[in-house]
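Atom set for the values below is all heavy atoms of this structure, side chains included, hydrogens, waters and symmetry mates excluded. Chain letters run A, B, ... following the sequence lines, proteins first and then strands; every chain starts at 1.
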Amino acid sequence: MIGHQLALIRRELQEHRAIFVTPAAIAVIVTLGVLAMLMLASGFAKELNLALFSAQNIAGVGERRAALTGFFVGTSSIFVVALMFMTVFYSLDSLYAERKDKSILFWRSMPATDAETVVSKLLTAAIVIPAVTAVGIWITHLVNLVVISIWVATKGGDAGVMIWGSVSIIDNWLAAFIIVVASGLWMSPFIAWFLFVSTWAKRMPIMWAFLPPIVLGLLEWIVFRSRYFLTAIGERGDMTPLFHALSLEQFVEEERWRHGVDNISLLEHMDLVGFVTAAGFWSGLLVCGILTTAAIYVRRFRDDS
Amino acid sequence: MSSLVSARGVSKHFGQVRAVDDVSFDIEKGKILGLIGPNGAGKTTLLKAVLGLTDCGGDLSVLGLNPFRQRKQLMQNISFIADVAVLPRWIKVSQLLDYVEAIHPNFSRARAEELLRKTKVRANAKVRELSKGMVVQLHLSIIMAIDAKLLVLDEPTLGLDILFRKEFYANLLNDYFDEERTILITTHQVEEIENLLTDIMFINDGKILLDSSMDALGDQYLELMTSGDEVTRARGLGPIAENELFGKFVMLFDGVAREHLEGLGEIRIPSVADLFVAKIKEARR
């Protein structure tokens, strides 16, 4: 069972190379962006006075820590947005493309059950893609800290203190990993819905993925004058149970002038226990389970037609 | 003889259309059975039922298993080539071997690599880079490296040129088939596989028109080429099909003894293609 899952997931990674290429492309773009910004800042350092990574220009320790954490959160959010798109397109494509190119007939000629196959795609979307994204965030973060350190050192600054002493790498990295993996689990009902549509739709899965929920929401409004359905879908998008209360502005504002704190901690703002004990977490997994079962059932009857 | 496949009253309907209609048959070990039928006859639906790709009514047992409910166990002992185009185009040959090796307990990677060494298929090539013939060679190498009891081939050489088709069947016979293995094959190119078959089954409109061994076929059906005054006498024996060819009449008889035809013209065993056409026309009358 585990051996089959590993082989099936490896197959997914081989087929959907965007899972690796997208984070790598973002990493390159972010790094080039930082390099360009540093070059610009170095040319106009005095005039600009405050370029985010011209750490020498940031007077206060707290401000410097907030700026570096802001950089980390900002770049991570690019990955998270990409993660969202990747997951949607991967999930919608994974069980549809195999019918489109008829390869389903080959896959089904092998002794792997439909349940094993669908679960491997669910695990890829909900766990593996977020994990790869987390690694992308770590590498980007590390590379850019090195780049910034070199820049600071060339300006005569002490990178060890100003950069590495002002950012809590383990805290940030753990936070990134938790956020992206938790997002995969939290969004798992959506992923399972997309997988179901992917195996069910004979054409245009993207339309079938989004149109029925919108129509259902409109019908609810027309018939009952209520918005429970669309509100429930919308609220699932904000990951509320993982954070006490957080927006990036609030976070920076809160942390910027904190004194006597060695490092700003993203983890402190998380409520992991609250997240995994929230009713929404478990009800989401339940919906995910139901839709995944439906996808498995539908695939049993699917061939290349 | 032990039945690998046993079908009793098997049916599959799509709405009002009876794709497979109450068919019963057995396939025994060590046979090469040709399943022949016109387009839309129900061949592929029947094969899909045998492979557990679709459910069906009636009793269908393959290797003692219910194919739809026990497909995973079944696939450990069945191989099939559904179509030449079904290998995923994005995958590399080496990745494909990795996958089958990890998933299939009866797959021998060494055997597959040995077979592939005889072809131009390279391990680092992607399937999309291979010609249609090479894709078939790859697929067949994988299939032949699986120690399966039953091999199901659905139009395996469709779209291939004659060289690849000949090579395909030669490899199948020389490097794969033995008395422990059974092959079920459908194709439109009946004449190319006629000499391979041990048994034959005709299907039309979801019903089986003929289920016979190739040996028995020669005892049951005879073809007579006749002309002149003998034509009327021959017609009196009730041919199931009659064609005129260059002024001569070719008649096909079902169950008429050879001695009754002797003296009426040239007698021979009909080709499977001719018999197939005659049986289909007879069924449609």
Cation over ring face, A:Arg10 and B:Tyr99, 6.0 Å, 45°: no
Contact class of [X] relative to chain A, heavy atoms under 4.5 angstrom:
{"X": "B:Ile143", "result": "neither"}
{"X": "B:Ile91", "result": "side chain"}
{"X": "B:Leu74", "result": "neither"}
{"X": "B:Phe107", "result": "neither"}
{"X": "B:Asn106", "result": "neither"}

Lys/Arg N to Asp/Glu carboxylate O, A:Arg108 vs A:Asp114, below 4.0 Å: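 Yes.
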Carboxylate-amine/guanidinium proximity below 4.0 Å for B:Lys118 and B:Glu167: no
Ring-ring centroid check A:Phe106 B:His139, cutoff 6.0 Å: yes
Between B:Thr186 and B:Asp154, a side-chain donor and acceptor under 3.5 Å: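 Short answer, yes.
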